[in-house]
Protein chains: 2
Amino acid sequence: MSKYTYNQITPEIIEQLKTAANGHVIVDGDINEDFSHDEMRIYGENMPDVLVEPTTTEEVAAVMKICNDNKIPVTPSGARTALTGAAVAILGGVMLSTTKMNQIISYDLDNYTVTIQPGVLLNDLAEDALKHGVMYPPDPGEKFATVGGNVSTNAGGMRAVKYGTTRDYVRSMTVVLPDGEIVREGASVSKTSSGYSLLDLMIGSEGTLGIITEMTLKVITPPETTMSMIIPYPTLEEAIAAVPKLFAAHLDPQALEFMEKDVTMDTQKQLEKDVFPSEMDGIDIGAFVLATFDGNDEDEVMDKIEKASEIVLEAGAVDVLVADTPQLLRDAWAIRSGLLDTIEDNTKLLDECDVVVPITKIPEFLTYAKSLGEGKDYVIKDFGHAGDGNLHIYLCSDGDDKEAFMQESDIFMKKVYAKAVELGGLISGEHGIGMGKMSYLRDMVGDKNMALMLGIKKVFDPNMILNPGKVCFSLDAE
Amino acid sequence: MSKYTYNQITPEIIEQLKTAANGHVIVDGDINEDFSHDEMRIYGENMPDVLVEPTTTEEVAAVMKICNDNKIPVTPSGARTALTGAAVAILGGVMLSTTKMNQIISYDLDNYTVTIQPGVLLNDLAEDALKHGVMYPPDPGEKFATVGGNVSTNAGGMRAVKYGTTRDYVRSMTVVLPDGEIVREGASVSKTSSGYSLLDLMIGSEGTLGIITEMTLKVITPPETTMSMIIPYPTLEEAIAAVPKLFAAHLDPQALEFMEKDVTMDTQKQLEKDVFPSEMDGIDIGAFVLATFDGNDEDEVMDKIEKASEIVLEAGAVDVLVADTPQLLRDAWAIRSGLLDTIEDNTKLLDECDVVVPITKIPEFLTYAKSLGEGKDYVIKDFGHAGDGNLHIYLCSDGDDKEAFMQESDIFMKKVYAKAVELGGLISGEHGIGMGKMSYLRDMVGDKNMALMLGIKKVFDPNMILNPGKVCFSLDAE
């Protein structure tokens with residue numbers, strides 16, 4: 001049992017919350033079942049007692065003050081697209097949803113920033129920015145996540161290889177601390193050496209240190225032209241070996257994804273498309289790289305495509321297919337974006353990991369991971385970001401025994417995480433720790449780093465009310 | 001008086017330190033006077049009792065354990081080029097110098113990283129990287145700082161406008177905590193969502209949280225060609241107004257510096273050069289922009305230069321001077337690099353600030369700062385990074401009364417920092433807080449953020465032995 005104790009919500013507290021949140025409060029049985037889980041139900045499900053949906057920083061501050069004064073656990077919630085159980089209200093209490101805080105507040109087009117509320121969806125920000133003549137570069141696969149959720153996990157995405165991760169685009173934020181006090185971290189400028197970076201500490205903290213209520217993000221001038229190419233290789237090893245050569249030649253790809261044959265063929269069959277060949281010139285295709293290049297005019301991008309073609313053909317690619325029609329471009333990326341859905345649709349039980357390893361270690365790592373699956377009751381499927389070594393590996397089972405599957409998965413995960421760390425990598429590149437990966441985080445960073453994180457958590461949240469049981473704050477361990 | 005108490009170093013402790021640091025220990029009168037101050041003596045001078053110069057992580061760990069067990073204050077020290085008093089041993093005790101930890105350990109040219117000890121000088125790393133066919137992009141003005149010092153202040157530099165600051169290039173580090181325990185933060189990969197970013201917390205923490213003993217840094221393929229241009233304008237306002245137009249046109253300058261007339265003329269006179277014209281075509285020149293563009297071949301860079309020329313001439317530039325000979329290029333940048341030396345050489349008393357404001361606010365901010373100097377006993381000089389709004393402002397006095405000057409400076413600094421924050425900026429872009437700017441940091445971030453920082457400090461350093469009196473840990477305030 002935990003040494004931390006919390007109180008139950010009383011009718012009086014509910015009335016106070018209604019006043020604080022301007023009436024945006026839903027109680028018990030009226031709360032939609034969706035609020036009991038994220039996209040990985042396997043890590044746990046539980047309903048909050050009260051759902052609060054504030055619309056302003058001040059409302060969030062008033063809600064937090066009530067919960068802190070009464071020691072009520074609070075679980076922050078965005079679009080609930082996480083894959084780690086980060087937004088499950090495991091102790092009940094209050095769920096604080098940011099989805100009504102969905103305003104794009106303003107653009108500063110001279111200083112290249114946009115200021116938004118945290119509940120804006122990535123897709124909405126991306127489209128709105130383009131309408132204003134600028135681009136928000138982070139491009140995680142899940143377009144209907146909230147940007148607040150992206151910031152809270154330091155989400156990466158396809159374009160990270162050229163443009164970096166979400167962290168690189170957060171200039172400043174307004175934060176409501178667990179006690180209801182409002183602070184501001186960072187500033188809308190690109191350089192800072194002004195004390196500890198509390199801004200960077202908030203980024204990736206998965207709603208355990210404070211509630212982000214407003215953010216100023218960096219945007220850029222969008223590239224004028226974008227083109228993609230499909231590169232089939234006999235083996236994954238050859239596909240990965242060519243990657244450093246593309247960097248050395250200054251080709252600066254915007255995206256560089258790898259896809260192994262089986263999951264690619266399954267997906268294009270499911271989507272009824274025919275873009276990726278299973279064999280060419282009598283050669284069996286083992287893996288594909290899907291690459292995008294961007295630039296300021298068509299000549300520049302065609303030049304990059306030509307140089308990249310020379311390099312990959314020299315390095316063992318069977319052919320190069322330029323996605324030179326809008327239809328082909330859309331189809332190729334629709335298949336890439338559909339890989340996870342296809343895996344989910346064709347399996348009963350699913351677990352996943354999101355390791356990141358140095359690029360050149362991708363084949364060694366995947367060979368090892370696949371060897372662990374030999375003779376087991378689960379099947380391993382994977383795809384990932386060849387440009388930055390971030391791999392998504394799925395354990396799929398058609399069995400009915402969830403407990404047995406979780407035990408098998410735990411054995412698998414412990415081994416692959418240890419391997420990732422041994423190769424110089426990390427246990428999560430972009431999905432986070434949440435509830436599902438805390439013990440693996442401890443295995444990776446060690447007891448001392450976990451103690452530092454828990455110490456920081458206590459500095460921000462002395463009553464330990466915010467998102468209990470997540471990241472570094474285990475309810476079991478203490 | 002502080003509520004923290006420390007012990008004096010005894011002969012027994014010195015013997016233990018000698019064993020711990022393999023004999024690299026210098027005591028009292030044998031310590032060079034240089035170790036009593038950094039480059040801004042105005043913020044205080046004090047000699048350490050013992051100078052320890054370890055060569056390995058393990059030696060640092062052994063030294064820290066002795067100091068922690070005996071409650072001896074420890075001040076980390078690199079090349080002592082700071083401008084904030086960050087490395088002054090204000091309580092005496094042990095100074096832990098990293099200058100003997102100056103090995104470039106290894107390159108991983110496929111994954112684009114280099115691993116070094118913290119005492120490597122920036123200049124040495126930059127040159128060595130180029131010999132290995134890669135570039136370390138951060139380019140702070142002081143080339144003889146240690147890279148450990150750069151990381152500890154998140155140093156920026158000229159190329160930050162295109163390539164980012166030091167933070168963007170730190171992949172992982174080995175840290176000795178104040179109690180002597182060794183931890184590792186980050187990994188040699190580019191994406192992470194694996195718990196709180198202790199790596200980002202260490203970056204910019206100015207030696208108050210732990211001793212960095214090894215770092216893995218990102219490097220890139222260097223651009224093939226680099227060219228600079230000098231752009232004279234009648235006024236600073238016109239010079240700055242053109243900056244967003246360069247970004248909008250995708251010109252992506254590597255460096256974009258502004259220099260006002262007086263300090264530029266003083267410097268080129270001192271250096272006996274004649275690059276920057278004081279008037280052209282009968283028009284009095286008020287400010288210059290010095291811009292560098294890079295690219296993969298000469299055509300690409302010339303194309304950028306031509307496009308930039310059109311934009312700036314349209315925006316009010318008097319002319320455009322392309323630094324198309326190696327001599328002209330060297331001279332132009334020698335003058336830019338010599339601005340601070342000229343200011344230092346021509347003044348008895350000097351104070352400085354390093355604010356950063358949104359780019360478009362530069363003229364408004366400088367007009368305000370200069371207005372504060374009217375009728376005062378000091379003269380204001382400035383230059384800065386037009387591409388990112390980071391400004392270096394110097395208060396220069398030929399008087400002899402240091403106390404009176406410091407009081408005048410304090411009034412000035414309080415006002416300019418408040419203005420920087422009002423305009424959306426920060427009090428330090430790249431120099432840090434150290435000892436000289438703690439009270440201004442509190443004014444900017446507020447008591448709550450200061451309390452969070454101090455709380456974090458206590459988590460890392462319960463005995464508060466590491467770099468007392470710096471950043472957020474005031475010896476007076478508690």
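Every chain is numbered from 1, with letters handed out A, B, ... down the list of sequences. Since the structure is predicted, the reported quantities are computational estimates derived from the model, not experimental observations.
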Donor-acceptor side-chain pairing of A/T115 and A/Y107 below 3.5 angstrom: no
Parallel, tilted or perpendicular: ring planes of B/F247 versus A/Y112, cut at 30 and 60 degrees: perpendicular
Flag, side chain of B/K218 to backbone of B/P137, donor-acceptor distance under 3.5 Å: no
Which of A/V471, A/D252, A/V183 touches chain B most, by non-hydrogen pairs under 4.5 Å: A/V183
Interface moiety of A/N449 toward chain B, non-hydrogen atoms closer than 4.5 Å: both
Residue part contacting chain B, namely of A/K437, when any heavy atom lies under 4.5 Å: neither
Closest-packed option against chain B by number of heavy-atom pairs under 4.5 Å, given A/E224, A/E300, A/M444: A/E224
Test item: B/Y169 side-chain N/O and B/T216 main-chain N/O as donor-acceptor pair under 3.5 Å: no
Flag for A/T208-B/Y196: side-chain donor and acceptor within less than 3.5 Å: yes
Flag, side chain of A/D200 to backbone of B/D200, donor-acceptor distance under 3.5 Å: no
Worked verdict on B/K307 versus B/K304 for side-chain contact (heavy atoms from CB on, under 4.5 Å): CA-CA 5 Å; B/K307 282 182 182 153; B/K304 286 182 182 175; 5.8 Å; no
Side chain, backbone, both or neither of A/N390 within contact of chain B (heavy atoms, under 4.5 Å): side chain
Proximity breakdown for A/H431 and chain B, heavy-atom pairs closer than 4.5 Å: backbone
Leading residue by heavy atom contact count with chain A [cutoff under 4.5 Å; candidates B/L109, B/V189, B/V134]: B/V189
Heavy-atom contact with chain B under 4.5 Å, split by part of A/R171: neither
Residue part contacting chain B, namely of A/D168, when any heavy atom lies under 4.5 Å: side chain
Donor-acceptor contact below 3.5 Å, side chain A/K361 vs main chain A/L423: no
Heavy-atom contact with chain A under 4.5 Å, split by part of B/L177: side chain
Option that, when pairs with chain B are counted at under 4.5 Å, heavy atom only, ranks first among A/D108, A/D354, A/L209, A/V445: A/L209
Most contacts with chain B, counted as non-hydrogen pairs under 4.5 angstrom, among A/G156, A/S197, A/S188, A/P358: A/P358
Donor-acceptor under 3.5 Å (B/D461 side chain, B/P178 main chain): no
Heavy-atom proximity to chain B below 4.5 Å, by part of A/T165: side chain
4.5 Å side-chain heavy-atom contact, A/K470 and A/I433: no
Options B/G446, B/A160, B/G195, B/A249, ranked by heavy-atom pairs under 4.5 Å with chain A, top entry: B/G195
When A/A187, A/G429, A/G432 are compared by non-hydrogen pairs under 4.5 Å with chain B, the top option: A/G429
Which portion of B/L441 sits near chain A, non-hydrogen atoms under 4.5 angstrom: side chain
Distance-minimising heavy-atom pair for A/I362 and A/H385: CD1-O, 4.4 Å
Among B/P244, B/S194, B/G455, residue most engaged with chain A (heavy-atom pairs, under 4.5 Å): B/S194
Donor on one side chain, acceptor on other, A/T153 and B/S193, under 3.5 Å: no
A/E181 portion near chain B, given a 4.5 angstrom heavy-atom threshold: side chain
Leading residue by heavy atom contact count with chain B [cutoff under 4.5 Å; candidates A/G387, A/G186, A/G133, A/G157]: A/G157
SB check B/D294 B/K162 (cutoff 4.0 Å): yes
B/K448 with A/D179: basic N within carboxylate O range, under 4.0 Å: yes
Toward chain A, the part of B/L452 with a non-hydrogen atom under 4.5 Å: both
Residue, of B/N154, B/N296, B/I359, B/V421, that accumulates the most heavy atom pairs under 4.5 Å with chain A: B/N296
A/M202 portion near chain B, given a 4.5 angstrom heavy-atom threshold: neither
Contact class of A/I203 relative to chain B, heavy atoms under 4.5 angstrom: neither
Part of A/V357 lying under 4.5 Å from any heavy atom of chain B: backbone
Side chains of B/S190 and A/D388, donor plus acceptor under 3.5 Å: no
Part of A/E185 lying under 4.5 Å from any heavy atom of chain B: side chain
